[in-house]
Amino acid sequence: MTIRVIIVDDQAMVRAGFAALLSAQADIDVVGEAPDGRQGVFVARSVHPDVVLMDVRMPEMDGLAAAREILDPPPGVVHHPKVLMLTTFDIDDYVYEALRAGASGFLLKDAPPADLIAAVRVVASGEALLAPSVTRRLIADFVQQRPAPRKDPALRLNGLTPRETEVLELIARGLSNQEIAGHLVVAEQTVKTHIGRVLAKLDLRDRAQAVIFAYEAGLVRPGDSA
């Protein structure tokens, strides 16, 4: 199955470079580009991509506002692509807020080409959050510095079974499904079932929001190790 991608970035050279790299992959098809967030929303709703590569800072409409419009569309819009935020090392509130809005993760613009290709595939598959240690640290930092809890997140943990709570904690620590399965000594499909129940019970979109929820609920704290 071919992964349909659009690239939203105000730098033409960046768009061209990413497009050339991704189009060279047999399983990825770049179906559109846009130079700002507003046009990015329009293109996303026109060509129905599987993944939107979204720059954080752009004119007209920034990546955060565009991600919100794409991920929380008005009634009648049924297509819901994954959004992968692109940013530089000067990470700011936009990244954290984008994850809270439902973005599937973020990638540094100067990451190796192989990381970009892998990121698109991971996000398209529904795995959502790209979880290198830097990602977890940044999310933890944002939660620690600017806590903005959901409605009684700690209380909402009461709706989970002990095993589901354990799975949520392992997700927040950055473990993959395979690693969680090995840790719990269960089948990977069992882990997927638990994750599905956790997301449904907590009304979360994906793993990215599950990580943020776990920090906000105090299940995992900044500086904790896996």
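- In this structure, S125 contributes its side chain and V122 its backbone to a donor-acceptor pair below 3.5 Å.
- Smallest separation of non-hydrogen atoms from A214 and A172: CB-CB, 3.5 Å.
- Using a 4.5 Å heavy-atom cutoff, the side chains of L170 and L184 are in contact.
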Go through it in stages, so that I can follow the logic: the residues are Q189 and H194, the test is side chain to side chain contact (heavy atoms under 4.5 Å, CB included), and I'd like the CA-CA distance, side-chain angles, deciding distance and then a yes or no. CA-CA 9 Å; Q189 184 57 49; H194 285 313; over 6 Å; no
Show your reasoning for whether side chain to side chain contact (heavy atoms under 4.5 Å, CB included) applies to L22 and L116. CA-CA 8 Å; L22 294 173; L116 174 63; 4.2 Å; yes
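- Residues V8 and M58 meet the side-chain proximity criterion, which asks for heavy atoms closer than 4.5 Å.
- Checked by atom type and distance alone, the side chain of D62 pairs as donor or acceptor with a backbone atom of L64 at under 3.5 Å.
- Judged purely by atom type and a 3.5 angstrom limit, E179 uses its side chain to pair as donor or acceptor with the backbone of S176.
- At least one side-chain heavy atom of V120 sits less than 4.5 Å from a side-chain heavy atom of L53.
- With contacts defined as side-chain heavy-atom distances shorter than 4.5 Å, the pair F213/L219 does not qualify.
- Listed for the H48 side chain is no donor-acceptor partner under 3.5 Å among the backbone atoms of H80.
- No side-chain heavy atom of P35 sits under 4.5 Å from any side-chain heavy atom of E60.
- The CZ atom of F18 sits 9.5 Å away from the CD atom of Q11 when rounded to the nearest 0.5 Å.
- At distances below 3.5 Å, at least one donor-acceptor pair connects side-chain atoms of Q25 with backbone N or O atoms of L21.
- No donor-acceptor distance shorter than 3.5 angstrom exists from the side chain of E169 to the backbone of E166, with no hydrogens or angles considered.
- Between A34 and V43, the shortest heavy-atom contact is CB-CG2, 4.2 Å.
- Summarising the geometry, atom CG belonging to L168 is positioned 9.5 Å from atom CD1 belonging to I195; distances are rounded to the nearest 0.5 Å.
- Although no hydrogens or angles enter the test, the distance criterion places a donor-acceptor pair under 3.5 Å between the side chain of R4 and the main chain of V47.
- Residues V5 and P49 are not in side-chain contact: their nearest non-hydrogen atoms beyond the backbone lie 4.5 Å or more apart.
- Between the side chain of S46 and the backbone N or O of F42, at least one donor-acceptor pair lies under 3.5 Å.
- In terms of heavy-atom proximity, R15 sits nearest to D10 at NH1-C, 3.8 Å.
- Residues passing the side-chain hydrogen bond (donor to acceptor under 3.5 Å, both in side chains) test with K109, sequence neighbours excluded: D9, D55.
- Inter-residue side-chain proximity for L86 and V56 is flagged as unmet; no heavy-atom pair is nearer than 4.5 Å.
- Distance check: L108 CG to M85 CE gives 12.5 Å after rounding to the nearest 0.5 Å.
- Contact check on D27 versus R121 returns a salt bridge, with a Lys/Arg side-chain nitrogen under 4.0 Å from an Asp/Glu carboxylate oxygen.
- Taking each heavy atom of A210 and L199 in turn, the nearest pair found is CB-CD2, 4.1 Å.
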Residues I6, M54; criterion side chain to side chain contact (heavy atoms under 4.5 Å, CB included); working and verdict: CA-CA 9 Å; I6 68 169; M54 180 77 74; over 6 Å; no
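- Side-chain contact check for K201 versus T161: some heavy-atom pair is nearer than 4.5 Å.
- Of all heavy-atom pairs between M61 and R38, the closest is CB-N, 3.5 Å.
- The CZ atom of R197 sits 14.0 Å away from the CG atom of L202 when rounded to the nearest 0.5 Å.
- Between S104 and V123 the shortest heavy-atom distance is CB-CG1, 3.7 Å.
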Between T2 and I28, does the side chain to side chain contact (heavy atoms under 4.5 Å, CB included) criterion hold? Intermediate values first, please. CA-CA 5 Å; T2 301; I28 299 176; 5.8 Å; no
